[in-house]
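A quick write-up on the structure given underneath.
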2 protein chains.
Amino acid sequence: MKNLTKRAFKTELFEEFARIGKALSSGRRLELIELLAQSERTVEELAAETGMSIANASQHLQVLRSARLVDVRRQGTYAWYRLSDEHVLRLWLSLREVGEMQLAEIERIVEDFFKDRKDMEATTCEDLLKHLKTGSVVVLDVRPEQEYSAGHIRGARSIPVNELEARLKEIPKKKTIVAYCRGPYCVLADEAVAILRAKGFNALRFKGGFPDWKARGLPVERAIPP
Amino acid sequence: MKNLTKRAFKTELFEEFARIGKALSSGRRLELIELLAQSERTVEELAAETGMSIANASQHLQVLRSARLVDVRRQGTYAWYRLSDEHVLRLWLSLREVGEMQLAEIERIVEDFFKDRKDMEATTCEDLLKHLKTGSVVVLDVRPEQEYSAGHIRGARSIPVNELEARLKEIPKKKTIVAYCRGPYCVLADEAVAILRAKGFNALRFKGGFPDWKARGLPVERAIPP
DNA sequence: CTGATATTCAAGTATGTGTTTGAATATGTG
DNA sequence: CACATATTCAAACACATACTTGAATATCAG
């Protein structure tokens with residue numbers, strides 16, 4: 001009898017944990033998590049950025065919500081979704097790391113898509129932190145401004161990549177420029193570096209993204225309090 | 001066209017990561033991971049410990065294997081399964097942490113089962129490390145010996161809980177005894193502490209288990225090299 | 001109140017997953 | 001070689017999940 005209840009306990013307990021696994025078992029939902037790791041967003045925005053129908057995005061968000069990975073805040077007719085806890089970001093980064101380490105397919109897919117990245121040097125967290133301290137580089141956040149406002153690397157300037165060409169004069173020609181965006185699978189920083197180099201700047205891409213930086217407990221800043 | 005391939009890239013990439021999520025989406029598979037976090041095991045052992053049929057356990061192990069979360073080593077007619085990387089352990093601990101933080105149901109299930117735990121003090125990693133350094137406690141690994149051999153807290157002694165009553169004379173009466181087992185959902189250390197206290201020892205349970213200790217990079221030892 | 005908008009709900013269909021059962025492999029033993 | 005054992009495979013079933021469509025809510029502006 002004790003064994004029976006022990007089995008029931010374990011089954012029930014692990015089935016609960018599996019709710020989180022189930023929430024992570026869809027590529028679409030992982031994409032939503034990756035976006036929400038940048039800043040909170042409405043259903044409409046999330047649907048548009050992931051190419052899903054709104055009803056489908058809403059449904060996926062509710063799966064995430066029932067696993068308590070995301071929270072909603074309602075304002076007027078909008079529902080603003082966000083990750084419910086910083087542990088959720090760590091969980092996603094941890095999953096991403098396992099994927100990068102173990103699944104050869106991921107490396108192949110990424111290399112296929114970013115054909116030019118191989119010969120584009122990138123900076124690590126440690127490097128960047130060191131350079132930031134000495135003030136020897138300019139760090140550029142090239143994500144949309146909303147995401148910058150929601151949180152960015154301390155000391156970084158916001159120039160969204162689509163405004164970059166028009167705002168080149170704000171950038172000092174003599175310093176090294178380090179551009180960052182959402183993370184390793186985001187093209188924004190690559191585009192920014194390409195533009196900057198074409199104009200004669202000495203530009204580098206930061207390997208990670210803002211969420212990676214934040215999850216390591218490195219210094220961040222935000223325009224609007226949470 | 002660029003947008004189309006960008007969408008295809010993201011869909012494909014996140015679908016790959018979702019393979020790992022899918023592997024984590026079953027309570028049964030999480031239970032297998034929890035067991036494999038202790039030491040490598042055969043299909044038979046895993047099936048017996050989780051109460052699954054052998055065919056079913058084998059099938060779940062193959063799901064884990066195709067997501068590269070576990071590896072097999074074949075020896076004779078036995079297949080020894082183990083976690084394929086230390087990152088997998090971290091991923092599981094990260095998922096566990098999110099569950100414990102976010103899912104109220106988990107707390108309820110655990111409290112229901114461990115009714116007596118409330119009034120049983122437990123030691124944290126930090127405490128235990130401090131005590132280990134000063135030698136003021138005896139640390140007891142009460143898991144089956146095989147798991148102890150595969151790796152244990154440095155300085156711990158192995159006395160499997162089912163041998164404990166017979167081996168009480170090996171334990172100094174005057175020191176505090178800290179017992180640990182597989183983790184917070186394992187009963188072995190609770191049982192050991194109950195036995196020890198009944199015999200007049202001053203005994204405590206360590207809150208985590210060996211995997212938690214190891215994942216924090218704290219000092220470990222192993223009898224048999226990997 | 002009416003109309004517009006953002007989101008959610010509900011139903012339906014196609015597809016995928018978990019488990020059991022019994023057979024098939026593959027390795028080691030006498 | 002024949003046999004025992006550990007594991008895997010294949011088929012069949014019940015059940016769950018993803019996506020689409022169209023309707024239902026809910027909030028705000030006029």
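Throughout, a chain's letter reflects where its sequence line sits, starting with A, and its residues are numbered from 1.
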| task | Please give the angle, rounded to 10 degrees, between the axes at the start and the end of the helix from C/dC1-D/dG30 to C/dG30-D/dC1, where five pairs define each axis. | result | 20°
| Below 4.0 angstrom, N of the basic side chain to O of the carboxylate: do A/Arg96 and A/Glu100 qualify? | yes
| query | Among A/Leu69, A/Leu64, A/Asp71, A/Ile33, which one satisfies side-chain contact (heavy atoms from CB on, under 4.5 Å) with A/Leu83? | reply | A/Ile33
| message | Can you tell me if B/Arg167 has over 12 outside heavy atoms packed within less than 6.0 Å of its CZ? | response | yes
| said: Does a side-chain N or O of B/Gln62 approach OP1 or OP2 of D/dT7 to a distance below 4.0 Å, or not? | reply: no
| said: At less than 4.0 Å, is any side-chain N or O atom of A/Thr77 found next to OP1 or OP2 of C/dT7? Yes or no. | reply: no
| query | How many Å lie between CG on B/Leu61 and C1' on D/dT7, as a whole number? | reply | 11 Å
| Distance check: side-chain N/O of B/Arg74 vs OP1/OP2 of C/dG28, anything under 4.0 Å? | no
| said: Is the phosphate of C/dT17 approached by B/His60 (side-chain N or O, under 4.0 Å from OP1 or OP2)? | reply: no
| task | Take atom CZ of A/Arg73 and atom P of D/dA26, then tell me their distance rounded to the nearest Å. | result | 20 Å
| Hey, can you pull the residues of residues 40-57 of chain A with a non-hydrogen atom under 4.0 angstrom from DNA chain C? | A/Thr42, A/Val43, A/Glu44, A/Ile54, A/Ala55
| Distance test, side-chain N/O of B/Gln59 to OP1/OP2 of D/dA10, below 4.0 Å | no
| task | State whether a side-chain donor-acceptor pair under 3.5 Å links A/Ser58 with A/Gln62. | result | yes
